[in-house]
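Everything below concerns the one structure shown next.
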Amino acid sequence: MSAKSEQLKKSKRFQWRKQDIELTLLAIPTTIWYILFCFLPMFGIIIAFKNFKISGGFLSNVFNSPWVGLKNFEFLFKSNDAWIIIRNTIGYNIIFIILGIVLPVVFAIMIGLLHNRKAGKVYQTMMFLPYFLSWVVVSAVGWAFFSFDKGILNQFLGSFGAESINWYMEPQYWPYILIFLNVWKSIGYGMIIYLATITAIDSSYYEAAVIDGASIWQQIRFITIPLLKLVIVMMFILSVGRIFYTDFGLFYQVTRDSNSLFEVATTIDVLVYKQLKSATIGMASAAAFVQSVLGCITILTANWIVKKIDSDSAMI
């Protein structure tokens with residue numbers, strides 16, 4: 001009997017159903033996209049180990065370019081400003097990760113508690129709109145505020161008799177400006193994700209809590225936040241995976257590539273762009289390769305730590 005039951009289980013396990021065909025058809029476009037734009041381009045990673053020279057077609061360039069080993073990686077680690085660049089990249093990202101989780105959760109809970117649904121929709125739209133603005137537009141708006149001659153802030157200071165500030169020459173202000181702009185632009189996107197999770201929570205939990213005499217704060221603490229935990233952990237792990245990447249537009253466009261802001265606004269992505277003006281494609285590929293490897297290591301490490309603490313919250 002046991003042998004027959006095992007055989008039946010195997011036959012059921014490998015049985016192809018109509019639902020499997022439908023799901024396969026739905027997955028084909030995504031699979032093709034990943035193959036064409038994610039897996040096939042990985043072949044070009046060997047450019048990081050070659051002195052890439054453009055002399056013909058792409059494949060001939062790749063195969064005919066001479067190997068240089070790890071020489072393309074030297075400019076990242078032998079640079080005199082390597083510590084500043086790494087500090088800025090990781091330091092800003094740590095702050096962005098913390099604020100990018102705490103603030104969207106707080107605002108999502110606040111909007112979820114609103115009784116006026118129309119007001120909630122208005123607030124969601126207002127907070128989500130900055131996400132669609134490009135950093136070029138934000139840079140132009142920032143120039144209108146921070147311009148030394150005609151900037152709104154300097155005109156405001158002048159109305160009180162204060163001296164004008166050359167904002168693009170004063171690095172002490174920019175860590176706060178960059179953090180504020182990043183939060184302002186991204187908070188709406190994160191808030192929508194958490195708000196969607198909150199609206200999906202079964203209302204019977206809150207009804208039972210109200211019957212038991214729970215206050216709003218107790219409902220948030222013992223119902224909303226625990227049920228948001230899985231999404232929070234997932235967003236945290238994904239954010240950690242990009243801790244060695246920064247938003248190029250934020251650190252290059254908004255600061256208008258001011259040399260005076262080098263120590264507070266130069267990250268790995270900005271360095272790679274500047275190196276490309278005088279360096280080779282191989283160096284840019286090497287930098288991207290290092291970022292990808294370190295990002296993979298950090299995301300796996302973060303997932304491993306989460307799995308040790310709470311296996312149900314881990315991604316894999």
Side-chain angles (χ1 to χ4, degrees), residues 33-97 135 171 175 178 236-253 255 257-259 261-307 315-316:
W33 188 90
Y34 270 98
I35 292 173
L36 292 178
F37 299 103
C38 293
F39 294 106
L40 286 181
M42 290 179 68
F43 167 77
I45 199 66
I46 63 175
I47 296 175
F49 304 94
K50 288 197 167 193
N51 183 14
F52 189 75
K53 296 181 179 180
I54 301 176
S55 59
F58 173 75
L59 292 178
S60 62
N61 292 337
V62 172
F63 290 115
N64 295 330
S65 298
W67 291 92
V68 293
L70 300 177
K71 188 176 180 180
N72 288 327
F73 295 85
E74 292 179 358
F75 87 102
L76 273 176
F77 303 101
K78 289 188 176 181
S79 172
N80 295 328
D81 304 310
W83 160 245
I84 295 174
I85 295 164
I86 295 173
R87 179 201 64 190
N88 289 343
T89 303
I90 298 178
Y92 279 117
N93 275 319
I94 290 174
I95 298 173
F96 293 162
I97 290 171
W135 285 116
L178 294 172
F236 168 75
I237 294 174
L238 293 176
S239 299
V240 167
R242 295 192 60 82
I243 198 169
F244 291 97
Y245 292 86
T246 52
D247 198 322
F248 175 78
L250 173 63
F251 290 93
Y252 185 81
Q253 295 285 353
T255 60
D257 192 25
S258 174
N259 291 327
L261 306 180
F262 177 87
E263 291 192 357
V264 297
T266 303
T267 60
I268 294 177
D269 298 272
V270 175
L271 173 69
V272 170
Y273 176 78
K274 290 183 176 180
Q275 286 289 336
L276 275 174
K277 294 180 180 179
S278 58
T280 65
I281 297 176
M283 289 184 179
S285 300
F289 178 74
V290 170
Q291 286 178 297
S292 300
V293 171
L294 294 178
C296 181
I297 292 172
T298 52
I299 196 171
L300 291 176
T301 303
N303 186 75
W304 178 79
I305 294 172
V306 171
K307 194 172 184 178
M315 295 182 64
I316 54 175

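In what follows, residues are counted from 1 in the order of the sequence shown.
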Measure across Glu263 and Arg87 and return the closest heavy-atom pair with its distance rounded to 0.1 Å. O-NH2, 2.7 Å

Could you report the tightest heavy-atom contact between Ala302 and Phe236, atom names first, then the distance? CB-CE2, 4.4 Å

With rounding to the nearest 0.5 angstrom, report the OG1 to CG distance, Thr255 to Asn259. 10.0 Å

Side-chain touch Asp269/Gln291, heavy atoms, less than 4.5 angstrom: yes

Contact summary for Gly241 and Ile299, nearest pair of heavy atoms: CA-CB, 3.8 Å

Determine the interplanar angle of the Phe289 and Phe49 rings, folded into 0 to 90°, and report it as parallel if under 30°, tilted if 30 to 60°, perpendicular if over 60°. perpendicular

Quick check: closest heavy atoms across Ser285 and Ile47, and the distance to 0.1 Å? OG-CG2, 3.5 Å

For the pair Phe39 and Tyr34, name the ring-plane relationship: parallel under 30°, tilted 30 to 60°, perpendicular over 60°. tilted

State the CD1-NZ distance between Ile45 and Lys50, to the nearest 0.5 angstrom. 13.5 Å

Distance check, rounded to the nearest 0.5 Å: Asp247 atom CG versus Gln253 atom CD? 10.0 Å

Is there a side-chain contact between Phe251 and Thr266 in this structure, where contact means two heavy atoms from C-beta onward sitting under 4.5 Å apart? no

For residues Asn51 and Ser65, determine if any side-chain heavy atom of one lies less than 4.5 Å from a side-chain heavy atom of the other. no

Are the side chain of Ser239 and the backbone N or O of Ile97 linked by a donor-acceptor pair below 3.5 Å? no

Would a 4.5 Å heavy-atom cut-off, applied to side chains only, mark Thr267 and Leu271 as touching? no

Hey, are the side chains of Ile268 and Thr89 touching, using non-hydrogen atoms and a 4.5 Å cut-off? yes

Would you say Ile46 and Phe43 make side-chain contact, with heavy atoms under 4.5 Å? yes

Ring geometry between Phe248 and Tyr252 (parallel below 30°, tilted from 30 to 60°, perpendicular above 60°): parallel

Taking the side chain as every heavy atom from C-beta outward, state whether Tyr92 and Leu178 have any atom pair closer than 4.5 Å. yes

Partner of Phe244 under side chain to side chain contact (heavy atoms under 4.5 Å, CB included), chosen from Ile297, Asn93, Val293, Leu294: Leu294

CD1-OG1 distance between Ile90 and Thr298, expressed to the nearest 0.5 angstrom: 9.5 Å

Do the side chains of Tyr245 and Ser292 get nearer than 4.5 Å, heavy atoms only? yes

Tell me the closest heavy-atom pair linking Cys38 and Trp33, and the distance in Å. SG-CZ3, 3.7 Å

Can you name the closest pair of heavy atoms from Pro41 and Ile35 and give their distance? CD-O, 4.3 Å

